[in-house]
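For ligands, and for the atoms within them, numbers begin at 1 and follow the listed sequence. Values in this document were obtained by computation on a predicted structure and should not be read as measured data. Quick note: residue numbers are just sequence positions, from 1.
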Amino acid sequence: MTRLMVFLGVMTGLVLILVLFTFKTNPVDNEKFDLKKVETAYNEQQKAIAEVTAPKENAGAEETAEIEYAPVVDLSTPQLQAGAKTYGQCIACHGKGGEGKASQKAPHIGGQYDWYVEKQLVDMKSGARINVAMNPIVKGLSPDDMKNVAAYVAALPWDKEKWILDNTPKK
Ligand code: HEC
């Protein structure tokens with residue numbers, strides 16, 4: 001009986017070793033789980049978010065705070081003025097002209113219908129549309145903020161290529 005047990009034990013050991021070896025010789029394909037790639041993408045996104053959420057130096061001076069970039073839109077109504085301020089939070093990803101940024105996977109939204117932009121923001125806040133990148137931002141937006149920034153986005157130039165050309169510094 002003991003001999004049988006020893007024999008079985010040795011056989012099991014041999015089979016185990018064989019199985020382990022076949023695993024070892026299998027080619028490794030980690031392409032889909034490239035941690036480095038995921039990590040860089042994640043870091044880039046975190047950087048953009050940090051840029052957006054970093055406290056402004058003149059945070060106290062809400063009333064007099066000026067928009068740090070030349071307005072792309074004629075700020076002819078109080079709604080557009082308010083929208084322009086809120087849009088300051090969107091520039092890191094969507095660009096000054098709403099032209100979008102491939103590096104952030106952020107789409108071109110300049111000139112988009114105001115009702116569509118507003119609906120996306122409302123849906124992102126409610127969770128009906130999931131957008132991890134914009135989550136921290138929409139959380140801080142009131143329904144009025146969304147309406148105003150939507151009006152501003154709608155007023156941005158629709159012609160992305162022309163806007164980029166016009167706004168690229170000439171060498
Ligand atoms: C951290 C980067 C980031 C910031 C900041 C950001 N967005 Fe986005 N936004 C994205 C990404 C990424 C998508 C694409 C989401 C998807 O794939 O569903 C998107 C999508 C959108 C869409 C939907 C476009 C479509 O065609 O469906 C709208 C509208 C939008 N953003 C508006 C804004 C507004 C307004 C702000 C500022 C209040 C803002 N975003 C700030 C990254 C950002």
(message) Counting C-beta onward and ignoring hydrogens, is there a side-chain heavy-atom pair between Met146 and Val122 closer than 4.5 Å?
(response)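 Heavy-atom side-chain distance check passes, below 4.5 Å.
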Could you check whether any heavy atom of [X] sits closer than 4.0 Å to an atom of ligand 1, since that is the contact criterion I want to use?
{"X": "Pro107", "answer": "yes"}
{"X": "Arg129", "answer": "yes"}
{"X": "Tyr87", "answer": "no"}

(request) Decide yes or no on side chain to side chain contact (heavy atoms under 4.5 Å, CB included) for Thr86 and Tyr152, but give the supporting numbers first. (result) CA-CA 9 Å; Thr86 306; Tyr152 182 82; over 6 Å; no
[options]: member with heavy atom nearest to [atom]:
{"atom": "atom 29 (C) of ligand 1", "options": "Val132, Val117, Ile130", "answer": "Val117"}
{"atom": "atom 36 (C) of ligand 1", "options": "Ala150, Gly83, Cys90, Ala50", "answer": "Cys90"}
{"atom": "atom 12 (C) of ligand 1", "options": "Lys105, Gln112, His108, Met146", "answer": "Lys105"}
{"atom": "atom 19 (C) of ligand 1", "options": "Ile49, Asn131, Val149", "answer": "Asn131"}

(request) Could you grab the distance from atom CH2 of Trp158 to atom CD1 of Ile109, nearest 0.5 Å is fine? (result) 10.5 Å
(message) Nearest 0.5 angstrom please: Ile130 CD1 to Met124 CE, how far?
(response)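 Here the rounded value is 11.0 Å.
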Can you list the ligand 1 atoms lying under 4.0 Å from a non-hydrogen atom of [X]?
{"X": "Gln104", "value": "12 (C)"}
{"X": "Ile137", "value": "4 (C), 5 (C), 38 (C)"}
{"X": "Gln89", "value": "5 (C)"}
{"X": "Tyr116", "value": "25 (C), 26 (O), 27 (O)"}

Minimum-distance pair of heavy atoms, taken over all atoms of [X] and [Y]:
{"X": "Ala48", "Y": "Gln104", "value": "CB-OE1, 3.5 Å"}
{"X": "Ala82", "Y": "Asn148", "value": "CB-ND2, 3.6 Å"}
{"X": "Glu51", "Y": "Ala92", "value": "OE1-CB, 3.7 Å"}

(request) Give a yes/no answer: is there an N/O/S atom of Met134 under 2.8 Å from atom 8 (Fe) of ligand 1? (result)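 For Met134, the answer is yes, given that an N, O or S atom comes within less than 2.8 Å of atom 8 (Fe) of ligand 1.
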Nearest-neighbour protein heavy atom for [atom], which is reported as residue plus atom name and distance:
{"atom": "atom 22 (C) of ligand 1", "result": "Met124 CE, 3.8 Å"}
{"atom": "atom 2 (C) of ligand 1", "result": "Cys93 SG, 1.9 Å"}
{"atom": "atom 28 (C) of ligand 1", "result": "Ile109 CG2, 4.0 Å"}

(message) Walk me through whether Thr40 and Asn43 qualify under side-chain hydrogen bond (donor to acceptor under 3.5 Å, both in side chains).
(response) CA-CA 5 Å; Thr40 11; Asn43 284 343; over 6 Å; no
(message) Check this for me, if you would: do Glu99 and Lys160 make a salt bridge, where the nitrogen-to-carboxylate-oxygen distance has to be below 4.0 angstrom?
(response)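 Salt bridge absent between Glu99 and Lys160.
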(message) For N/O/S atoms only: which one belongs to His94 and is nearest atom 8 (Fe) of ligand 1?
(response) NE2
(request) Kindly indicate, with the supporting measurements, whether the criterion side chain to side chain contact (heavy atoms under 4.5 Å, CB included) is fulfilled by His94 and Lys101. (result) CA-CA 6 Å; His94 291 284; Lys101 261 187 209 161; over 6 Å; no
